[in-house]
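Below is one structure, written out as C-alpha coordinates; the observations come after it.
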Amino acid sequence: QVQLAESGGGSVQPGGSLRLSCEGSGFTGSSYCMGWFRQAPGKEREGVASLHTGRAGTASYADSVKDRFTISHDKVKTTLYLQMNNLKPEDTAIYYCAAMSGGGGSTAHCYSLLRSGAFTFWGQGTQVTVSS
(Lines give C-alpha, C1' and ligand atoms only; values in the text may rest on other atoms or scores of the structure.)
Protein backbone atom coordinates (compact mmCIF):
# COMPACT_ATOMS: atom_id res chain seq x y z
CA GLN A 1 0.00 0.00 0.00
CA VAL A 2 1.42 3.35 -1.06
CA GLN A 3 1.64 5.96 1.67
CA LEU A 4 2.33 9.64 1.11
CA ALA A 5 3.37 12.24 3.67
CA GLU A 6 3.58 15.94 2.86
CA SER A 7 5.75 18.47 4.67
CA GLY A 8 7.15 21.94 4.16
CA GLY A 9 4.03 24.03 4.49
CA GLY A 10 3.93 27.21 6.54
CA SER A 11 3.26 30.93 6.49
CA VAL A 12 5.01 33.28 4.10
CA GLN A 13 4.61 36.83 2.89
CA PRO A 14 3.50 37.60 -0.67
CA GLY A 15 6.41 37.23 -3.05
CA GLY A 16 8.05 34.62 -0.86
CA SER A 17 8.91 30.99 -1.56
CA LEU A 18 8.27 27.57 -0.06
CA ARG A 19 9.22 24.05 -1.05
CA LEU A 20 6.80 21.27 -0.31
CA SER A 21 7.92 17.66 -0.02
CA CYS A 22 5.93 14.47 -0.35
CA GLU A 23 7.74 11.38 0.88
CA GLY A 24 6.34 8.18 -0.52
CA SER A 25 6.63 4.57 0.58
CA GLY A 26 5.19 1.24 -0.45
CA PHE A 27 5.70 1.76 -4.18
CA THR A 28 5.90 -1.52 -6.09
CA GLY A 29 7.55 -0.05 -9.15
CA SER A 30 9.01 3.15 -10.56
CA SER A 31 6.22 4.07 -12.92
CA TYR A 32 3.69 6.40 -11.35
CA CYS A 33 1.78 9.52 -12.18
CA MET A 34 2.16 11.92 -9.25
CA GLY A 35 0.60 15.27 -8.65
CA TRP A 36 0.01 18.18 -6.33
CA PHE A 37 -3.44 19.48 -5.53
CA ARG A 38 -4.70 22.27 -3.32
CA GLN A 39 -7.96 23.21 -1.68
CA ALA A 40 -8.76 26.61 -0.25
CA PRO A 41 -11.61 27.15 2.24
CA GLY A 42 -14.95 27.18 0.46
CA LYS A 43 -13.41 26.27 -2.89
CA GLU A 44 -13.16 23.11 -4.93
CA ARG A 45 -9.96 21.10 -5.04
CA GLU A 46 -7.64 22.26 -7.80
CA GLY A 47 -4.97 20.27 -9.59
CA VAL A 48 -1.71 22.23 -9.49
CA ALA A 49 1.01 20.15 -11.17
CA SER A 50 1.71 16.61 -12.31
CA LEU A 51 4.50 14.46 -13.68
CA HIS A 52 5.40 10.84 -14.46
CA THR A 53 8.13 9.39 -12.26
CA GLY A 54 9.45 7.07 -14.93
CA ARG A 55 10.10 9.62 -17.63
CA ALA A 56 11.73 13.05 -17.71
CA GLY A 57 10.07 16.07 -19.23
CA THR A 58 6.51 15.13 -18.28
CA ALA A 59 5.71 18.02 -15.94
CA SER A 60 2.42 19.85 -16.46
CA TYR A 61 0.96 22.81 -14.60
CA ALA A 62 -2.30 24.59 -14.02
CA ASP A 63 -2.36 28.02 -15.66
CA SER A 64 -2.67 29.66 -12.25
CA VAL A 65 0.79 28.48 -11.17
CA LYS A 66 2.68 28.21 -14.44
CA ASP A 67 6.07 29.96 -14.37
CA ARG A 68 5.93 30.22 -10.55
CA PHE A 69 5.78 26.59 -9.37
CA THR A 70 8.06 23.69 -10.30
CA ILE A 71 7.28 20.02 -9.70
CA SER A 72 10.11 17.50 -9.44
CA HIS A 73 10.80 13.98 -8.23
CA ASP A 74 13.78 12.29 -6.59
CA LYS A 75 13.74 8.59 -7.45
CA VAL A 76 16.32 7.65 -4.83
CA LYS A 77 14.45 9.38 -2.03
CA THR A 78 11.04 8.49 -3.57
CA THR A 79 10.06 12.07 -2.79
CA LEU A 80 7.97 14.49 -4.80
CA TYR A 81 8.65 18.21 -4.50
CA LEU A 82 6.81 21.41 -5.31
CA GLN A 83 8.96 24.54 -5.41
CA MET A 84 6.68 27.55 -5.09
CA ASN A 85 8.04 31.00 -5.91
CA ASN A 86 6.45 34.45 -6.02
CA LEU A 87 3.63 33.25 -3.79
CA LYS A 88 0.37 35.16 -3.78
CA PRO A 89 -2.43 35.34 -1.20
CA GLU A 90 -4.62 33.30 -3.56
CA ASP A 91 -2.14 30.43 -3.23
CA THR A 92 -3.29 29.97 0.36
CA ALA A 93 -4.68 26.44 0.69
CA ILE A 94 -4.06 22.95 1.99
CA TYR A 95 -1.73 21.21 -0.45
CA TYR A 96 -1.98 17.49 -1.09
CA CYS A 97 0.16 15.10 -3.07
CA ALA A 98 -1.27 12.13 -4.90
CA ALA A 99 -0.05 9.10 -6.81
CA MET A 100 -1.34 6.47 -9.18
CA SER A 101 0.56 3.54 -10.69
CA GLY A 102 1.04 3.11 -14.39
CA GLY A 103 0.41 5.89 -16.88
CA GLY A 104 2.87 4.59 -19.44
CA GLY A 105 5.16 7.60 -19.07
CA SER A 106 2.57 9.78 -20.71
CA THR A 107 2.43 13.49 -19.94
CA ALA A 108 -1.11 13.61 -21.26
CA HIS A 109 -2.29 10.72 -19.09
CA CYS A 110 -0.85 12.18 -15.91
CA TYR A 111 -2.28 15.61 -16.77
CA SER A 112 -5.71 14.06 -17.36
CA LEU A 113 -5.52 12.60 -13.87
CA LEU A 114 -4.61 16.05 -12.56
CA ARG A 115 -7.66 17.54 -14.27
CA SER A 116 -10.01 14.81 -13.04
CA GLY A 117 -8.50 14.21 -9.62
CA ALA A 118 -8.69 10.47 -10.23
CA PHE A 119 -5.56 9.49 -8.30
CA THR A 120 -5.57 6.38 -6.14
CA PHE A 121 -3.32 7.39 -3.25
CA TRP A 122 -3.43 10.65 -1.30
CA GLY A 123 -1.47 12.30 1.47
CA GLN A 124 -2.95 14.09 4.47
CA GLY A 125 -2.06 17.59 3.29
CA THR A 126 0.06 20.51 4.46
CA GLN A 127 -1.16 24.06 5.03
CA VAL A 128 0.29 26.96 3.05
CA THR A 129 -0.68 30.48 4.08
CA VAL A 130 0.39 33.56 2.12
CA SER A 131 -0.33 36.77 3.96
CA SER A 132 1.25 40.08 4.80
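Just so you know, these numbers use all the heavy atoms, side chains as well, and skip hydrogens, waters and symmetry mates. Counting begins at 1 with the first residue of the sequence.
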_Between Asp91 and Met84, is the side-chain contact (heavy atoms from CB on, under 4.5 Å) condition met? List the steps._
CA-CA 9 Å; Asp91 295 318; Met84 305 185 295; over 6 Å; no

*Can Phe27 and Tyr32 be said to form a side-chain contact (heavy atoms from CB on, under 4.5 Å), step by step?*
CA-CA 9 Å; Phe27 292 107; Tyr32 281 78; 3.2 Å; yes

*Stepwise side-chain contact (heavy atoms from CB on, under 4.5 Å) test for Thr129 and Val12*: CA-CA 6 Å; Thr129 302; Val12 64; over 6 Å; no

_Could you go through Thr58 and His109, starting from their C-alpha distance and side-chain angles, then the distance that decides it, and tell me whether this counts as side-chain contact (heavy atoms from CB on, under 4.5 Å)?_
CA-CA 10 Å; Thr58 57; His109 177 73; over 6 Å; no

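Note that the NE2 atom of His52 and the SG atom of Cys33 stand 5.0 Å from one another [nearest 0.5 Å]. Here the CZ atom belonging to Arg38 is positioned 12.0 Å from the CD atom belonging to Gln127, to the nearest 0.5 angstrom. Rounded to the nearest 0.5 Å, atoms CG (Leu113) and CE (Met100) are 5.5 Å apart. Taking CG from Asp74 and SG from Cys22, the interatomic distance works out to 12.5 Å, rounded to the nearest 0.5 Å.
Heavy-atom neighbours of Gln3 CD from other residues, nucleotides or ligands within 6.0 Å: at or below the threshold of 12. The number of heavy-atom neighbours closer than 6.0 Å to CD of Glu23, taken from other residues, nucleotides and ligands shown, is 12 or below. Atom CD of Gln124 has 12 or fewer heavy atoms from other residues, nucleotides or ligands within 6.0 Å. Other residues, nucleotides and ligands contribute only 12 or fewer heavy atoms inside 6.0 Å of the NZ atom of Lys43. Atom CZ of Arg55 has 12 or fewer neighbouring heavy atoms from other residues, nucleotides or ligands inside a 6.0 Å radius. A 6.0 Å sphere centred on CZ of Arg115 holds no more than 12 heavy atoms belonging to other residues, nucleotides or ligands.
Using a distance-only test at 3.5 Å, with no hydrogens or angles considered, a donor-acceptor pair links the side chain of Thr92 to the main chain of Pro89. Ser60 contributes no side-chain N or O that, together with a main-chain N or O of Tyr111, makes up a donor-acceptor pair within less than 3.5 Å. In this structure a side-chain-to-backbone donor-acceptor pair under 3.5 Å is missing from Glu6 to Thr126.
Ring pair Phe69/Tyr61: centre-to-centre distance not below 6.0 Å.
For the pair Arg45 and Phe37, the cation sits on the ring face: its NZ or CZ lies under 6.0 Å from the ring centre, inside 45° of the axis. Figure legend: Arg19 and Tyr81 shown as a cation-pi pair, the cationic atom lying under 6.0 angstrom from the six-membered ring centre and within 45 degrees of its axis.
No side-chain heavy atom of Leu82 sits less than 4.5 Å from a side-chain heavy atom of Thr70. Side-chain contact between Lys88 and Pro14: absent, with no pair of heavy atoms (C-beta onward) separated by less than 4.5 Å. Inter-residue side-chain proximity for Met34 and Leu4 is flagged as met; some heavy-atom pair is nearer than 4.5 Å.
The two residues Ala40 and Ala93 come nearest to each other via the heavy atoms N-CB, 3.8 Å. Across all their heavy atoms, Ser17 and Gln83 have their closest contact at CB-NE2, 4.0 Å.
With 3.5 Å as the limit, one finds no donor-acceptor pair spanning the side chains of Thr79 and His73. A donor-acceptor pair shorter than 3.5 Å can be found between the side chains of Glu46 and Ser64.
By the rule that hydrophobic residues join a cluster once side-chain heavy atoms approach within less than 4.5 Å of another member, Ile71 and Leu114 end up as members of separate clusters. Two different hydrophobic clusters hold Phe119 and Leu51 under the rule that ILVMFWY side chains link at heavy-atom gaps under 4.5 Å. Tyr96 and Val128 fall into different hydrophobic clusters, defined by Ile, Leu, Val, Met, Phe, Trp and Tyr side-chain heavy atoms under 4.5 Å apart, directly or through other members. Linking Ile, Leu, Val, Met, Phe, Trp and Tyr residues whenever their side-chain heavy atoms come within less than 4.5 Å places Tyr95 and Leu80 in a single cluster. The hydrophobic clustering, which links ILVMFWY residues whose side-chain heavy atoms are closer than 4.5 Å, places Val2 and Trp122 apart.
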